[in-house]
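Let me begin by presenting the structure, written as structure tokens, before commenting on it.
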Protein chains: 2
Amino acid sequence: MSCEVNLTNQLRERGFRITPQRSVILHILGHAKAHLTPAEVYQQASISLPGLTETTVYRTLEFLAQTGLAQTVFNGKSKYAYEISGYAHHHLVCRQCGTEVEIPHVKAEALFKELQESTGFQLMQNHISFFGLCPVCQED
Amino acid sequence: MSCEVNLTNQLRERGFRITPQRSVILHILGHAKAHLTPAEVYQQASISLPGLTETTVYRTLEFLAQTGLAQTVFNGKSKYAYEISGYAHHHLVCRQCGTEVEIPHVKAEALFKELQESTGFQLMQNHISFFGLCPVCQED
DNA sequence: TTCCTTATTGCAGTTAACTGCAATAAGGAT
DNA sequence: ATCCTTATTGCAGTTAACTGCAATAAGGAA
């Protein structure tokens with residue numbers, strides 16, 4: 001719990017409170033190798049913080065996404081996962097088999113800029129999920 | 001029920017069966033002004049097809065999305081909606097207030113082409129949801 | 001250090017989304 | 001027109017996601 005100090009500081013500076021629940025969840029997300037579902041986060045977090053509720057996990061993950069500290073990963077079903085990643089990227093998901101490919105954000109940068117200018121929205125660099133058929137599933 | 005013959009024909013030609021449930025749901029989606037949630041589709045479809053179950057609605061919507069006849073619209077919460085639209089577009093959703101803006105597909109065309117070439121995936125022209133803060137919510 | 005305000009959490013209950021399996025019916029074959 | 005195969009549907013039950021409200025505790029003020 002000493003590695004996401006910068007993230008917790010960000011929260012504190014923006015007027016949010018640092019709670020054990022948030023610290024633990026940030027820690028888990030920060031050290032996860034892949035994106036995690038709320039259930040997975042809950043499972044892991046319960047170990048170091050027994051008594052934690054799933055509700056809090058849902059709310060914390062959504063909170064982190066809203067504040068931009070975590071990214072939402074949409075997998076095409078109505079479940080999602082969250083992750084913290086230093087490397088800005090998006091996902092391309094096969095609608096058939098679920099295979100995921102990472103897309104570096106630079107490829108989408110031009111489009112993002114264009115959209116910001118034409119809509120006035122401030123785009124989050126959160127993950128976009130593109131959908132398609134992977135090479136394997138194309139020959140069904 | 002005479003207006004989505006082309007869609008039902010598409011299904012039949014591809015070896016899928018045409019059922020009253022599918023016809024009704026196709027009809028509703030085809031005539032909806034906006035995207036509809038499964039619950040909304042169920043509500044409307046039940047009128048002309050009493051006895052229809054929500055399960056079937058969920059499965060049919062997912063089926064239509066898989067076959068490419070309908071598009072999935074992701075709203076940032078873990079619910080989605082579906083729509084049938086002749087006009088290829090995506091959505092830009094405000095993560096704060098939920099406001100949606102349509103993005104014509106042409107703007108994303110270059111990126112799509114690039115991704116298809118570099119990944120081998122065959123991209124679906126289904127809706128991408130971009131997220132950000134709308135001009136109003138930027139001054140919170 | 002103690003008190004106070006109010007953001008967060010936990011609890012209990014609700015709604016949404018999904019699954020397995022037996023029953024039904026679409027559409028081709030006879 | 002009738003039968004047959006098997007894709008779809010409905011049912012019952014399960015899991016996931018969300019909500020309102022009272023209880024708790026973070027962090028600034030006294």
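Numbered from 1 within each chain, the chains take letters A, B, ... in sequence-line order.
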### Task
Under the side-chain hydrogen bond (donor to acceptor under 3.5 Å, both in side chains) rule, what do B:Gln71 and B:His91 come out as? Steps first, then yes or no, please.
CA-CA 12 Å; B:Gln71 287 82 35; B:His91 286 118; over 6 Å; no
### Summary
The dot-bracket string of DNA chain C, counting Watson-Crick and G-U wobble pairs with both distances under 3.5 Å, using [ ] for crossing pairs and | for pairs to another strand, is ||||||||||||||||||||||||||||||
#### Entry: Nearest-0.5 Å distance, CD of residue A:Glu62 to OG1 of residue A:Thr67
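Separation between the atoms: 9.5 Å.
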Of the nucleotides [options], which one has an atom closest to the side chain of [X]?
X	options	result
B:Thr53	C:dC18, D:dT19, D:dG10	D:dG10
A:Arg59	C:dT8, C:dC11, D:dT9	C:dC11
B:Tyr58	C:dA17, D:dC11, D:dA17	C:dA17

Atom [atom1] of [X] and atom [atom2] of [N]: how far apart are they, to the nearest Å?
X	N	atom1	atom2	result
A:Glu54	D:dT19	CD	P	16 Å
A:Leu61	C:dT8	CG	P	15 Å
B:Tyr80	C:dA16	OH	C1'	12 Å
B:Gln66	D:dT8	CD	P	13 Å
A:Leu49	C:dT9	CG	P	10 Å
A:Tyr42	C:dG10	OH	P	10 Å
A:Tyr82	D:dA17	OH	P	8 Å
B:Phe63	C:dC18	CZ	C1'	18 Å

### Message
So if I define the base as every atom that isn't primed, P, OP1 or OP2, how would nucleotides 25-30 of chain C read as a B/S/- string at a heavy-atom cutoff under 4.0 Å?
### Response
BBS---
Is the ring centre of [X] less than 6.0 Å from the ring centre of [Y]?
X	Y	answer
B:Phe112	B:His90	yes
A:Tyr87	A:His105	no
A:Phe16	A:Phe63	yes

### Query
If Ile, Leu, Val, Met, Phe, Trp and Tyr residues are connected whenever their side-chain heavy atoms lie under 4.5 Å apart, and connections chain through other members, are B:Tyr82 and B:Tyr58 in the same group?
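In one cluster: no.
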### Task
Determine the contact category for B:Gly15: base if any of its heavy atoms lies under 4.0 Å from a base atom, sugar-phosphate if only primed atoms, P, OP1 or OP2 are that close, otherwise nothing.
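Result for B:Gly15 = nothing.
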### Message
Is it the case that the side chain of B:Glu40 and the backbone of B:Thr37 share a donor-acceptor pair, with hydrogens and angles ignored and the cut-off at 3.5 Å?
### Response
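Indeed, once roles are kept as given, a pair shorter than 3.5 Å links the two residues.
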### Query
Looking at residues at least two apart in the chain, or sitting in another chain, which of them share a salt bridge (charged side-chain N to carboxylate O under 4.0 Å, His left out) with A:Glu114?
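Salt bridge (charged side-chain N to carboxylate O under 4.0 Å, His left out) list for A:Glu114, sorted by chain: B:Lys107.
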### Message
Give me the atom names and distance for the closest heavy-atom approach of B:Val73 to B:Tyr80.
### Response
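Heavy atoms of B:Val73 and B:Tyr80 come nearest at O-CB, 2.9 Å.
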